[in-house]
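Quick notes on the structure that follows.
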Amino acid sequence: MWSVITWIRDFIAEYTWFWWSSNDSKSNTVLLVGLDDAGKTTLTGRLTQNRLIQAPPTSQPSKHEIKIGSTLLAITDVGGHKQARRLWRDYMFSSTRLIFMIDASNRQRLPEARSELLNILDDDDLKFVPLLILANKIDIIDTAYSENELRYLLQIEKYLNEENPRIKLCMCSIKRNEGFTDGLRWLVKQPIKLDN
Ligand SMILES: Nc1nc2c(ncn2[C@@H]2O[C@H](COP(=O)(O)OP(=O)(O)OP(=O)(O)O)[C@@H](O)[C@H]2O)c(=O)[nH]1
Ligand SMILES: [Mg+2]
């Protein structure tokens, strides 16, 4: 008898969750940004097709639906070249969560990535939006920065303290299919403000 009650309770909880997540168009919207060549579209290929794709540079925003646990996310990949970056801010206001991807192996372009990241982190209008930093391409071991080096070089230590768990840094390799899942799970668990 108890197992039937448990089953009914679990069924209702699951069904209610599915109904909520599939009907609330804004609550699970994620914007994926970062410099061109960081690996953003490669991540969408991993998440939607579970394989390593080779994509041309993104010229048009594209939207992808993926499931993390029981949460359905709509991820928009806007592209990272200079013209596309002008669109980021517009898209940020219709997104409840952000992913900023960095090529951890590209030492020349780290200052440019840092500047774009700090623009977002210092934007008062975005201060309640959870942000996951994915430091990609750690498989390029000759040049990839370590997590500690990146924390320091990106100047994000002050945003990473426990009082402000709004951001998280994850080292990953989309090529090797490692390191990003924990970050995505963290991202979907973060409380969001729907009036952003
Ligand atoms: N070594 C390595 N290469 C990767 C990894 N992830 C992506 N790449 C490569 O990085 C290059 C750029 O990847 P994209 O996913 O197209 O980059 P993007 O961020 O979407 O770039 P834009 O569309 O121009 O903004 C491709 O050649 C990928 O194969 C990784 O984890 N390791
Ligand atoms: Mg792309």
Side-chain angles (χ1 to χ4, degrees), residues 28-68 73-121 123 126 129-151 153-154 156 167-188:
N28 289 318
T29 47
V30 179
L31 183 68
L32 172 58
V33 292
L35 301 190
D36 46 296
D37 202 50
K40 301 179 294 299
T41 306
T42 314
L43 171 67
T44 66
R46 267 283 175 226
L47 295 173
T48 55
Q49 302 169 42
N50 197 21
R51 68 184 182 92
L52 186 64
I53 59 162
Q54 272 299 338
T58 303
S59 57
Q60 297 278 342
S62 61
K63 203 167 171 181
H64 307 268
E65 288 209 330
I66 61 145
K67 232 176 169 196
I68 302 293
L73 292 179
I75 300 189
T76 304
D77 172 12
V78 185
H81 55 92
K82 284 230 165 85
Q83 288 99 316
R85 284 181 221 168
R86 290 196 216 125
L87 300 174
W88 288 2
R89 208 164 183 277
D90 296 341
Y91 276 84
M92 278 171 197
F93 291 105
S94 53
S95 308
T96 51
R97 301 160 210 273
L98 302 174
I99 300 174
F100 192 98
M101 186 171 269
I102 287 175
D103 179 346
S105 73
N106 192 331
R107 296 185 172 225
Q108 290 75 29
R109 296 193 74 191
L110 196 80
E112 188 186 355
R114 176 180 58 217
S115 157
E116 296 292 353
L117 175 63
L118 294 181
N119 278 344
I120 298 172
L121 288 173
D123 189 326
L126 298 170
V129 182
L131 186 149
L132 171 66
I133 304 168
L134 288 180
N136 189 28
K137 307 197 190 181
I138 58 168
D139 55 283
I140 305 180
I141 46 177
D142 287 348
T143 57
Y145 284 117
S146 69
E147 181 167 353
N148 281 343
E149 286 172 324
L150 272 184
R151 277 171 185 249
L153 292 168
L154 291 171
I156 52 172
I167 79 167
K168 182 178 174 72
L169 171 65
C170 271
M171 308 301 288
C172 69
S173 167
I174 310 301
K175 183 177 178 182
R176 290 208 182 144
N177 202 11
E178 62 188 36
F180 55 90
T181 313
D182 280 354
L184 292 171
R185 288 206 189 106
W186 172 86
L187 191 64
V188 298

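Both ligands and their constituent atoms are indexed starting at 1 by order of listing.
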Any ion pair linking Asp37 and Arg109 (charged N to carboxylate O, less than 4.0 Å)? no
Could you tell me whether a side-chain N or O of Lys40 sits under 3.5 Å from a main-chain N or O of Met101, the two making a donor and an acceptor? no
Enumerate the protein N/O/S atoms at a distance below 2.8 Å from the Mg ion (ligand 2), ignoring waters. Thr41 OG1, Thr58 OG1
All N/O donor-acceptor pairs, side-chain side in residues 167-179, below 3.5 Å, sequence neighbours left out:
{"unit_1": "Ser173", "atom_1": "OG", "unit_2": "Asp139", "atom_2": "OD1", "d": "2.8"}
{"unit_1": "Ser173", "atom_1": "OG", "unit_2": "Arg176", "atom_2": "N", "d": "3.0"}

Across all chains, not counting sequence neighbours, the side-chain hydrogen bond (donor to acceptor under 3.5 Å, both in side chains) partners of Lys137 are Asp103
Apply the side-chain contact (heavy atoms from CB on, under 4.5 Å) test between Leu73 and each candidate in Leu47, Thr29, Leu187, Val30; give the one that qualifies. Val30
Going by an N to O cut-off under 4.0 Å, is there a salt bridge joining Asp36 and Arg85? yes
Tell me the closest heavy-atom pair linking Ala38 and Asn136, and the distance in Å. O-ND2, 3.0 Å
Out of Ile66, Thr58, Leu32, Thr76, which one pairs with Thr44 under the side-chain contact (heavy atoms from CB on, under 4.5 Å) rule? Leu32
Residue shell for ligand 1, any heavy atom closer than 4.0 Å, reads Leu35, Asp36, Asp37, Ala38, Gly39, Lys40, Thr41, Thr42, Gln54, Ala55, Pro57, Thr58, Gly79, Gly80, Asn136, Lys137, Asp139, Ile140, Ser173, Ile174, Lys175
Side chain of Trp88, backbone of Gly79: donor and acceptor closer than 3.5 Å? yes
